[in-house]
Trainee: 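A single structure is presented below for examination.
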Amino acid sequence: MELPFEEERRRIRDLIDDFLNGLKKIKNEFIASKWDDIELLRMDLRFLRTFVLFGNSSLDDFYERMSLNISKFNELAWLVFYHEEDKLILAKYDMECLTPLLLEEMKSYLSLENDYYVATTTEDKMFEYRDRLFKHLHDLPKYCAHLLLPLMNEYMILRQVFRHLRDFYELECIAANKTRTEYLYPRYQMIVDRVTQFCFDLWTGKSKEEIGDDYYFHRYDVSECSSKITSLLIDIIPLELDILYISTTKIKEEPRSTELKGWVKQILKAFPRILQNYLILIQGRMEGAVAVNYSPTQSINVMMEFLLIFLTDIPKCFIHRDKLNDMLAHVGVLTRKISILVSKLLEESSENNINEVDFSAPDFLQEIEQMKGDIRQVFLKDPESSQLRFPMDDGFLFMNLLLRHLNDLFISNVYSVTLIKKEIGMVKQSLAFLRSSFGKVGQTLDDTSGVVKDCWVRALDVAYEAEHVINCILVRDKALSHLIFSLPRVTDKIKLIVSEVTSLGLEDKNGDDPLDAKSSDESIESTLSSFVEVTVGHEEDESWIIDQLLDEHESELDVISIVGMPGLGKTTLANKVYKNTLVASHFNVRAWCTVSQKYNKSKVLLEILQQVTGSEGKESEDDLADKVRRALFDKRYLIVLDDVWDIATGEMLIACFPKVKRGNRIILTSRNSEVGLKVKCHSDLLHLQLLTPEKSWELFEKRVFGDEGSCPAELSKVGHKIVEKCQGLPLALVLISGVIVKGRKGKQKDLWLKIQHNLDSFISANNNLQMMKVMQLSYDHLPHHLKPLLLYIGRSQKSKRTPVVELMQLLIAEGLVDNDICSNSSLEEVSQSYLDALISRSLLMVDHIKKSKSFSVRIKVCYVHDVVHDFCSVKAKKEKFFKLINSGAPFHASYFLYRCLTIHTNSNKLHKKCVLFNSNKCSACSKHLISVKVSGSLNNSRYICHTRHLRLLRVLQLDSIILEYSLVEEIGSLFHLRLLRIWASIKSIPLSWVNLQNLETLLIETEYPIMVLLPRILKLSKLKHMSVVHLSSFFELDDKWNIIMDQSTRILEGENSKLEDLTTLSQVLISYTEGMSDALGKFPNLQHLNCIIKEPIDPPTQGDWFPKLDVLNKLESLIARYQKAWADYQYDNDPELKDKIPPPNEYHFPTRLKELRLYGFPLRPALFSAIAALPELEILELIDSASVEDMKWDASEDIYQGLKTLRLVSAKFSEWQVDSETFPKLEELILEYCEELMEIPSAFADIETLKFIRVVYIKPDLGDSAMEIKKDVAAYTGEDKLDIHLSYAYDEEELSVGDSDIGIKEDIAAENAQISNWYRRRGHIVADSSTEQVNTDSNQPCTN
């Protein structure tokens, strides 16, 4: 006979109590290593007792999950008491039968499944129940630490609020007076039920997911847990606000209620933290509900920001406790009002029926001003103001960066900025005036009066203070006192300095004339160093210059310009030519003058006059110019103008020399190629290059051992390594050889080895500062807007080549490109002009690397010489611009003063060494950080990287760190973010990210095979570049990776927004569906697309299922991979599937395509015709394509009008017919692994533009046909102009490709493995791994 349900519960409770008491007694009998498991058993038993006594079928899947957890408990008990000695201990305390007895009783209890049982619950039992729930909330972090440890902040608040509610209802019951709160009791009971469900969920650790008619239980993850806590907090905190409101009202009416007063004080003590988190949650709820810049809700958001500042920075030490409690209670009332408005807003927005009048809430803005006034009154004293001193060297660099920062803030719509936008505008305008005024005397600031210099120092101090105060408010670091006191104080200081500068009349100074601006009374110093006596290298350049000088056929004046980076030997080469005996005898007079950066025209002309006539004079500048002109008029002259810095200087000096036709010559040296171009007459510029390794060694050997000496054999190896580190720069070679000679141990190997390993320190330690001085001159002469660019480029690793496209993205994201310098130009165009300016000044070097390992399209990359890199590193440290932190280095608090941080690590203890992502330790230090990058080998670790406190970040790059969902959500609070690169566990774009209204570049690697883009990607209004690894989809897919058909239409309904700025989209799945054309139409300006085109399982009967890519009418580059509807292994098991879905009848390609790469596409006439119809197509690649009909490609009827490069990889055809007009502009033909193809059509010999044929993995016949074409071309044209390359494998040099720091580039070899895994289609995309490696840049456009 079955026991009654209640009796069964009682028996289980007694058994559990016996078990718990027994475990408590026997714990010390076991070794310490088992104590944690025993404690886990005790928690399991406590949970079990609660849910048996108070649980019922209203809990989700109660009986199934209870059964699963009983089994789990049995397994744990068996593991803990597995050994014989353990069983003896149990027997000693009569506990050996408890586990089987409990299992038996639970089995009986669960078999009853009494869905209609309702326990009679007394008030005492309800108190006991709530107490047990609260204890479970205390136990859960230990029971399921992996879920709750990342969420402890929110979880602790949940626990605290639940305790407050529990305590309040106990007070109400004791007082027997529930009339005021009786209507709230159903909400309280609902909260209790939800907390019960939450505890049950986390205890069982599983939830049910239905698939068709079946279901299975899966384990909770952190994201699900975070979502449940958030949902609970959003519902439970308003209840506490309502109760507090009622209670404070009651206290005013009944001031003797001491218990209630105590409860209110208890709540108010914890209130700041609770309200702070609740307001953040409300902000999150509003995200996505309405547009971020929706004006009716602006005041609500600004009010929330002000309250968050107040709650974050409550000045407890300055406010009386009673006054503070009154203010907190008032903040609670305001928060309650906001909560009601937001709930109403969300309700109406879901019905698309928002009443703007209801949400304008103008009184909030008045409330802010009222509260600011109240806070000023209740402060016991004004917080002390500390005078901040400008800590950097380059004031103009700082001022320029600060103004860019302020401008970006001023035009943003971030709520924290809106709160102080008026003050930001005033500071920006005033500092722009100060920069302009002092900029007019900037070059001679050191020579101006003490009053002007003192004013500039104070201007920098107050600008630095303004930046500090504004950023503190934005990151909520002591923001309240800064908002109330510091900000008004600093604006008054700025106004005072502006008034002083205005009275000085600096704006009337003429700073536009480069001659006057750089004039000084200092003597002109020759930059010819003592080391010029030894000259090696540039022999060909020397001969060319001498030829130009002695050219009898050119009688007109000619200027020979030698340009290049500092330290290349421009002056040395010019001096060698100048002293050449043939040159000296050819000219009647010669004069050498070093112009330099600090240029005085009178002194330069006087120096030339002295060398020409031997006379000295004190004439005016105009008289000197006339004297020089007359002295040179009837003579053949050679003038060397060494170290000319700008165009105006060069033009003005050359204008002083007569232009008579006597074969006169001027040699000009400059770091700026634009100077040479501007003064050019006949001869081309001579761009001086770095020394070759051989010439570098020759120079080094001569400097160390003299003209006749040579390096001993035992020093040769280390010597060559030293020379290699100098990278062909003559100045570096001379300086380091000077260190060796100066040490007087030049032949001792230990010194050489020391120098090899410490090359940089040896140069500086031996007082050889010429290199830094030379670089400092170049840096000082740069326009202010170019200085931060040069320093930023030095942030990358030495000798690293960075693609120009990627560097431009970073420069824009970092805020180093001015918005308003050229209003008609895009930021990309402005950044390109900045880079061109650095290149022309020989500070930035340019190279071209192969974009692909298989054909000769190249991309432009840039880098700096190591000497420039070293200077940038030193300078950046002084200016607090960027900091590189290597693995293992301690993390100092001073690092937070830097603008950019890069952490290179190969350690797995990043979180222990670096407090950067610990919001508790560095929230007050993050106000300077604009950019953070973590790179290196972290073994794909899951670190707790909190980012919410890094509120001013513009660039965040986290490589090899997998972010859990809750941490990814935090990124949504980084409103100023421009570039984001992360690895995360997300299936779709998080809701909080709709706040990222400034985001331009988004690079995500996700652990899930597919990430869903729509509709949230459309909220990122400024997004330009998007890439997902492994794959993304516009819509959600079913378990067979097919788009859910009705979903696409539903998602796009009422969605009118478009991503107008998106130009690059990588790794997206595109398939036939009703809404696909509409989805593609959301990106009207897309230029580069990398996608997978998947066959639909149910295609339309007419066969027109190919996506309408032609809606992308600005697309220039398309990379597409063809995916079958079923995986390859299914084809093997069911061959009929191969023909079930035929290829499409039509192909819809955009007509502006310039580059097209197709992987795995069936080659059919319709496809070839569609490709041939593309008038602007220049590059075509067909890779691993399926067989064509009859193994034949007849291209004779088509004309590929603009095609320049054709690449075929693993083509499945044996016969190829081509007419001489098929490829009229083809320059390059590449055939790789085309094993079926027997020969190259002879018609290729008739293509006049063809320059190159490359055949990889050749068969003899195919190679012979290529050579035959070469012979035909030579016979017809009479010259050997066709280059043929035949090989079985790629040369190592060809396989090398530039490393990319940001990467829309991928390593296709790795990508192939990933795609094969996700698609279960091994070998389908690319047949051969070496072929796969060819395609390294599948996302970026061709950049020549």
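Position 1 is the first residue of the sequence; numbering continues from there.
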Trainee: Quick check: do Glu969 and Ser226 have side-chain heavy atoms less than 4.5 Å from each other?
Mentor: no

Trainee: What distance do Ile280 atom CD1 and Glu970 atom CD have between them, rounded to the nearest 0.5 Å?
Mentor: 9.0 Å

Trainee: Are Arg65 and Asp60 close enough for a salt bridge, meaning some N to O gap below 4.0 Å?
Mentor: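 Salt bridge: no.
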
Trainee: State, with a plain yes or no, whether a side-chain heavy atom of Leu328 is found less than 4.5 Å away from one of Pro272.
Mentor: yes

Trainee: Are a donor atom and an acceptor atom from the side chains of Ser108 and Glu8 found within less than 3.5 Å of each other?
Mentor: yes

Trainee: Between Arg1016 and Pro990, what is the shortest heavy-atom contact and its length?
Mentor: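 Looks like NH1-C, 3.7 Å.
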
Trainee: Any side-chain heavy-atom pair from Met106 and Val52 closer than 4.5 angstrom?
Mentor: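 SC-SC contact between Met106 and Val52 confirmed.
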
Trainee: With sequence neighbours left out, what residues match Phe81 under ring-ring contact (aromatic ring centres under 6.0 Å, His included)?
Mentor: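 Checked Phe81 against ring-ring contact (aromatic ring centres under 6.0 Å, His included); matches are Phe30.
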
Trainee: Side chain to side chain contact (heavy atoms under 4.5 Å, CB included) between Leu148 and Leu202: does it pass, once the steps are laid out?
Mentor: CA-CA 10 Å; Leu148 291 180; Leu202 265 66; 3.8 Å; yes

Trainee: Give a yes-or-no answer on whether the side chains of Glu305 and Asn301 include a donor-acceptor pair shorter than 3.5 Å.
Mentor: no

Trainee: Find out whether Leu48 and Asn69 are in side-chain contact, i.e. whether some heavy atom of one side chain is under 4.5 Å from a heavy atom of the other.
Mentor: no

Trainee: Taking the side chain as every heavy atom from C-beta outward, state whether Asp37 and Leu41 have any pair of such atoms under 4.5 Å apart.
Mentor: no

Trainee: Regarding Thr312 and Arg476, do their side chains bring together a donor and an acceptor under 3.5 Å, going by distance alone?
Mentor: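 Judged by distance alone, the side chains do not pair up.
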
Trainee: Would you say that more than 12 heavy atoms from the other residues, nucleotides or ligands in this model lie under 6.0 Å from the NZ of Lys142, or not?
Mentor: yes

Trainee: So which heavy atom on Tyr278 is nearest to which on Ser339, and how close?
Mentor: OH-OG, 2.6 Å

Trainee: Please evaluate residues Asp17 and Arg49 with respect to the criterion salt bridge (Lys or Arg N to Asp or Glu O under 4.0 Å), reporting the C-alpha separation (whole Å), side-chain torsions for both, the decisive distance (0.1 Å), and the verdict.
Mentor: CA-CA 9 Å; Asp17 287 344; Arg49 178 175 59 184; 2.4 Å; yes

Trainee: Let me see the working for Gln197 and Lys228 under side chain to side chain contact (heavy atoms under 4.5 Å, CB included), right down to the final yes or no.
Mentor: CA-CA 10 Å; Gln197 182 70 57; Lys228 285 183 177 292; 5.6 Å; no

Trainee: Got a second to check how far Met371's CE is from Leu307's CG, nearest 0.5 Å?
Mentor: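 If we round to the nearest 0.5 Å, Met371:CE and Leu307:CG are 6.0 Å apart.
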
Trainee: For Leu239 and Ile243, what are the C-alpha separation, side-chain angles and deciding distance, and is it a side chain to side chain contact (heavy atoms under 4.5 Å, CB included)?
Mentor: CA-CA 6 Å; Leu239 179 59; Ile243 292 173; 4.0 Å; yes

Trainee: A quick test of your reading: do over 12 heavy atoms of other residues, nucleotides or ligands sit less than 6.0 Å from CD of Glu104?
Mentor: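 12 or below, so no.
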
Trainee: Going through the checks in order, is the ring pair (Phe, Tyr, Trp, His ring centres under 6.0 Å) test met by Phe168 and Tyr188?
Mentor: CA-CA 11 Å; Phe168 174 79; Tyr188 174 58; 8.7 Å; no

Trainee: Testing the basics here: between Ile16 and Leu45, what is the closest heavy-atom pair and its distance to 0.1 Å?
Mentor: CG2-O, 3.5 Å

Trainee: Minimum heavy-atom separation for Leu140 to Cys199, with atom names?
Mentor: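 Result for this residue pair: CD1-SG, 4.0 Å.
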
Trainee: Does this structure show an ion pair linking Asp131 with Arg166, if we count only N-O contacts that are shorter than 4.0 Å?
Mentor: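 Salt bridge between Asp131 and Arg166, a charged N being under 4.0 Å from a carboxylate O: yes.
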
Trainee: Roughly how far apart are Asn74 CG and Leu103 CG, rounded to 0.5 Å?
Mentor: 4.5 Å

Trainee: Can you check whether His164 reaches Ile274 side chain to side chain, under 4.5 Å on heavy atoms?
Mentor: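 Yes, side chains in contact.
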
Trainee: If you look at every heavy atom in Ile375 and Met327, which pair is closest and at what distance?
Mentor: CG1-CE, 3.4 Å

Trainee: Taking side chain to side chain donor-acceptor pair (under 3.5 Å) as the criterion, tell me which of Arg132, His136, Lys135 meets it with Thr50.
Mentor: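 Result: among Arg132, His136, Lys135, His136 is the only option passing the side chain to side chain donor-acceptor pair (under 3.5 Å) with Thr50.
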
Trainee: What closest approach, in Å, do Ile157 and Arg273 show between heavy atoms, and which atom pair accounts for it?
Mentor: CD1-O, 3.8 Å

Trainee: Is there side-chain contact between Glu240 and Gln160, with at least one heavy-atom pair below 4.5 Å?
Mentor: no

Trainee: Do any pairs count as a salt bridge (charged side-chain N to carboxylate O under 4.0 Å, His left out) and have a residue in residues 186-199, sequence neighbours left out, and if so which ones?
Mentor: Arg187-Asp242, Arg194-Asp235

Trainee: If you round to the nearest 0.5 Å, how far is CG of Leu275 from CG of Leu241?
Mentor: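 It is 6.0 Å, given to the nearest 0.5 Å.
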
Trainee: The criterion is ring-ring contact (aromatic ring centres under 6.0 Å, His included); which residues satisfy it with Phe162, sequence neighbours excluded?
Mentor: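 Counting only residues at least two positions away or on another chain, Phe162 forms no ring-ring contact (aromatic ring centres under 6.0 Å, His included).
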
Trainee: Measure the CE-OG distance between Met304 and Ser299 for me, rounded to the nearest 0.5 Å.
Mentor: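 Rounded to the nearest 0.5 Å, the CE-OG separation comes to 9.5 Å.
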
Trainee: Report yes or no: does Ser231 contribute a side-chain atom to a donor-acceptor pair with the main-chain N or O of Ser227 at less than 3.5 Å?
Mentor: no

Trainee: Aromatic ring centroids of Phe306 and Phe364 under 6.0 Å?
Mentor: no

Trainee: Aromatic rings Phe47 and Phe51: how do their planes relate, parallel, tilted or perpendicular, breaks at 30° and 60°?
Mentor: parallel

Trainee: In plain terms, say whether Arg46 and Glu39 are close enough for a salt bridge, that is, a side-chain N and a carboxylate O under 4.0 Å apart.
Mentor: yes

Trainee: Hey, could you give me the CG/CD1 distance between Leu158 and Ile236, rounded to the nearest 0.5 Å?
Mentor: 5.5 Å

Trainee: With a 4.5 Å heavy-atom cut-off, do Leu233 and Asn277 have their side chains touching?
Mentor: no

Trainee: Check the pair Thr230, Ile234 against side chain to side chain contact (heavy atoms under 4.5 Å, CB included), reporting the backbone distance first and the verdict last.
Mentor: CA-CA 6 Å; Thr230 298; Ile234 286 175; 3.9 Å; yes

